[in-house]
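Below is one structure; the comments refer to it alone.
Predicted model only: the values in this text are computed from it and were never measured.
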Amino acid sequence: MARAAAHARREADQRGTALAGSIALYHPSAGVRPKTNPFGKDVANVELFRAILKHGDFDEVDFHVSSDITAADLVQGLLGEPSPKQVSVRSLLDQAAPVRAGALVRGVPDLSDMAWLRRSAGHEAGYSLVGMVHTLAPPAMREMIGKAATSPMQPWDALICTSPVVQQALTTMFDEWTDYLADRYGGSRRIRPYLPLLPLGVEGARFAALADRPQARTATREALGAAEDDIVVLWVGRLSFFEKAFPQPMLRAIEEAAAKAGERVRVHFVQLGWFPDPATQKPMYEEAARAYAPSVVVHHLNGNDADLVGRMWAAADIFLSLVDNIQETFGITPLEAMAAGLPVVVSDWDGYRFTVRDGVDGFGVRTLGAAPGLGQGMLNRHLFHGMSYQSYVGTLAQHTAVHVGDAAARIADLVASRELRTKMGEAGRRRIAETFDWQVVVGQLQELLQELAQIRASAVREAPRHRSNPLKPEPFGAFSIFPTQVLAAGTRFSVRAGAGAGDLDRAETVKLDMFASGWRAPMDDCRAVVRRLAAEGELSLEAILQDIPPARRQALGLALVWMCKIGLLDWR
């Protein structure tokens with residue numbers, strides 16, 4: 001049992017409550033980590049689900065998926081081995097599992113439709129919805145998150161904030177958004193989800209094992225042309241100047257640090273990742289390297305090569321990530337570097353400020369943003385389709401500064417002192433073990449779920465006036481004014497002259513007739529209705545359905561309309 005999870009259970013026992021024995025996870029794709037060009041959020045979500053299977057104090061784990069996959073195959077994809085827990089796969093619409101677990105956890109913040117589904121099923125206070133915020137930058141993403149204030153999400157629901165800056169930014173956004181709604185509609189209530197702080201994590205032992213391989217270190221450095229006394233500075237991640245970081249500050253800082261070290265030390269900069277558009281962007285990075293780091297040996301290596309990535313954790317001496325982009329909110333690679341025992345130099349930016357302790361695990365380099373108001377034109381250009389999202393955030397990042405002099409000085413300090421590198425690397429590993437190992441984070445997630453359960457239990461229950469979303473209504477009801485009439489209990493059916501069961505035989509051979517057939521009653525049920533109508537004459541819908549089990553009536557109602565569509569039945 002994970003230490004943090006065990007602590008959570010002891011705390012729950014002292015409060016006289018119990019942690020849920022199951023957890024429900026919303027994982028539509030049922031996928032594993034992408035093999036090439038993975039996005040951070042996709043990696044983080046899969047790692048979270050994997051960590052829950054490995055470290056969670058749950059007896060049962062229910063995955064809500066949309067794909068056709070068995071529980072055994074899903075577990076094999078995530079863990080590579082059987083799970084000691086009971087694992088099941090369920091429909092995305094299943095309500096029993098989250099009610100039993102007390103929560104449904106999703107790796108993104110899009111919970112609005114799920115909140116309406118929960119309400120329409122009568123389970124609004126039956127369980128909590130929990131989503132995770134990975135970025136705040138896209139305007140469309142902010143709108144998605146903001147729907148939490150206009151959908152039936154409740155204070156016992158949560159949007160997990162992975163860093164304090166995300167938590168602060170979302171608090172401000174919801175304050176301003178709910179104030180606007182109150183001003184516009186004259187309301188006084190401001191209901192919004194809970195915004196807890198819960199970081200992402202890493203498997204500390206796995207990265208330590210990758211890094212602590214002397215033979216891999218020697219062989220990989222030899223392949224780079226790096227002698228044992230050379231310094232290898234490492235970046236890991238997408239090589240995207242418009243969504244991650246412009247490389248010029250890093251290149252110039254390394255160049256200045258190398259110059260300070262003099263001829264006694266040769267410095268390499270390994271940019272380990274992938275270019276979104278290699279043909280266009282790799283030459284741009286190479287040009288910048290020649291301009292800003294002419295004396296540094298710069299390598300662009302394939303970040304999709306898992307074996308190479310693992311060997312670089314062993315080969316590197318310093319980790320560098322001067323992120324300057326609002327797309328970034330947490331940053332998992334500095335944690336991976338700390339777990340690998342590397343000292344880190346990062347920009348004082350977003351989640352990096354939370355994860356890396358300046359002067360302890362590494363160094364934070366100060367940043368400068370443009371004055372509020374100067375980006376309105378850029379935002380307008382993006383909102384009105386004159387600039388892509390990538391160009392928008394890249395333009396903002398081009399006008400965000402990371403202090404090159406400070407970065408160079410801190411890199412130079414680490415280049416000059418093996419003792420300092422070792423000291424900070426060891427501190428980073430302790431930081432991971434105490435705060436950011438998945439084992440610890442999963443325990444904190446369980447504590448959060450228990451806290452949400454207590455909020456639900458103490459909430460004042462109110463009967464909802466609106467059970468379904470007025471903006472996304474049931475279509476046959478919403479468009480009932482379109483047709484001449486709609487199906488009702490008194491609608492009477494008969495077999496059209498010249499038609500009969502043979503029409504159904506023909507329909508089975510016509511692809512257009514069989515479109516969407518899964519929503520209707522099976523053909524045998526349709527034939528039975530046709531035979532009955534042929535024998536008894538005209539019958540009402542009510543009469544046709546009276547002997548049909550309730551679970552099958554909806555499908556037969558659709559089948560009756562379809563049989564009218566193909567000219568087999570008549571109605572009045």
Search all heavy atoms of [X] against all heavy atoms of [Y] and return the closest pair with its distance.
X      : Y      : result
Val46  : Gly31  : CG2-O, 3.9 Å
Ser151 : Ser112 : CB-OG, 3.2 Å
Asn325 : Ala397 : ND2-CB, 3.8 Å
Pro28  : Leu92  : CA-CD2, 4.1 Å
Ala370 : Leu374 : CB-CD1, 4.0 Å
Ala44  : Trp438 : O-CZ2, 4.0 Å

Non-neighbouring partners of [X] that pass salt bridge (Lys or Arg N to Asp or Glu O under 4.0 Å), sequence neighbours left out:
X      : value
Arg552 : Asp525
Glu143 : none
Arg381 : none
Arg189 : Glu462

In chain order, what residues pass the side chain to side chain contact (heavy atoms under 4.5 Å, CB included) check against [X], with sequence neighbours excluded?
X      : result
Ala121 : Gln95, His123
Leu379 : Pro139, Gln376, Leu383, Tyr392
Arg353 : Val165, Asp348
Gln390 : Phe242, Glu243, Ser388

Go through the side-chain N and O atoms of Asp73 and Thr70 and say whether any donor and acceptor fall under 3.5 Å apart. yes
Could you tell me whether the side chains of Arg456 and Ser128 share a donor-acceptor contact shorter than 3.5 Å? yes
Kindly state each residue pair satisfying ring-ring contact (aromatic ring centres under 6.0 Å, His included) with at least one member in residues 159-180, sequence neighbours excluded. Trp177-Tyr180
Not counting sequence neighbours, list each pair that qualifies as a ring-ring contact (aromatic ring centres under 6.0 Å, His included) and has a residue in residues 464-493. Phe479-Phe482
Under 3.5 Å, side chain of [X] to main-chain N/O of [Y], donor-acceptor pair present?
X      : Y      : answer
Ser83  : Leu79  : no
Ser347 : Val323 : yes
Ser67  : Ile69  : no
Asp358 : Gly364 : yes
Gln167 : Leu195 : yes
Thr435 : Ile432 : no
Ser163 : Thr329 : yes

Counterpart residues, side chain to side chain donor-acceptor pair (under 3.5 Å), relative to Tyr352 (two or more places apart): Ser321
Check Arg192, Arg119, Arg118 against Asp157 for a salt bridge (charged side-chain N to carboxylate O under 4.0 Å, His left out) and give me the one that passes. Arg118
Would you find more than 12 non-hydrogen atoms of other residues, nucleotides or ligands less than 6.0 Å from Gln554 atom CD? no
More than 12 non-hydrogen atoms from neighbouring residues, nucleotides or ligands closer than 6.0 Å to CD on Glu542, yes or no? no
Salt bridge (Lys or Arg N to Asp or Glu O under 4.0 Å) contacts touching residues 82-93 (sequence neighbours left out): Asp62-Arg90, Arg90-Asp94
From [atom1] ([X]) to [atom2] ([Y]), nearest 0.5 Å:
X      : Y      : atom1 : atom2 : result
Thr162 : Leu197 : OG1   : CG    : 8.0 Å
Arg100 : Ser22  : CZ    : OG    : 4.5 Å
Leu558 : Met563 : CG    : CE    : 11.0 Å
Asp110 : Met144 : CG    : CE    : 4.0 Å
Glu328 : Leu136 : CD    : CG    : 11.5 Å
Leu449 : Gln444 : CG    : CD    : 12.0 Å

Report yes if some heavy atom in the side chain of [X] is under 4.5 Å from a heavy atom in the side chain of [Y]; otherwise report no.
X      : Y      : answer
Ile160 : Leu445 : yes
Leu541 : Leu487 : yes
Arg366 : Val402 : no
Leu539 : Arg492 : no
Val133 : Ile145 : yes
Leu111 : Leu159 : yes
Leu200 : Val441 : no
Lys244 : Asp324 : no

One pair to check against salt bridge (Lys or Arg N to Asp or Glu O under 4.0 Å): Arg50 and Glu203. What are the steps and the verdict? CA-CA 10 Å; Arg50 180 180 292 142; Glu203 290 285 354; over 6 Å; no
Which class fits the ring pair His64 and Tyr26: parallel under 30°, tilted 30 to 60°, perpendicular over 60°? parallel
Given salt bridge (Lys or Arg N to Asp or Glu O under 4.0 Å), test Arg429 with Asp361 step by step and report yes or no. CA-CA 8 Å; Arg429 281 191 170 176; Asp361 317 300; over 6 Å; no
Derivation of the side chain to side chain donor-acceptor pair (under 3.5 Å) call for Gln446 and His55: CA-CA 11 Å; Gln446 291 188 237; His55 305 301; over 6 Å; no
Between Phe330 and His134, is the ring centre distance below 6.0 Å? no
Quick one, Ile23 with Leu25, criterion side chain to side chain contact (heavy atoms under 4.5 Å, CB included). Give me CA distance, side-chain angles, the key distance, then yes/no. CA-CA 7 Å; Ile23 186 170; Leu25 305 175; 3.9 Å; yes
Assess whether a salt bridge exists between Arg461 and Glu124, defined as any Lys/Arg side-chain N lying under 4.0 Å from an Asp/Glu carboxylate O. no
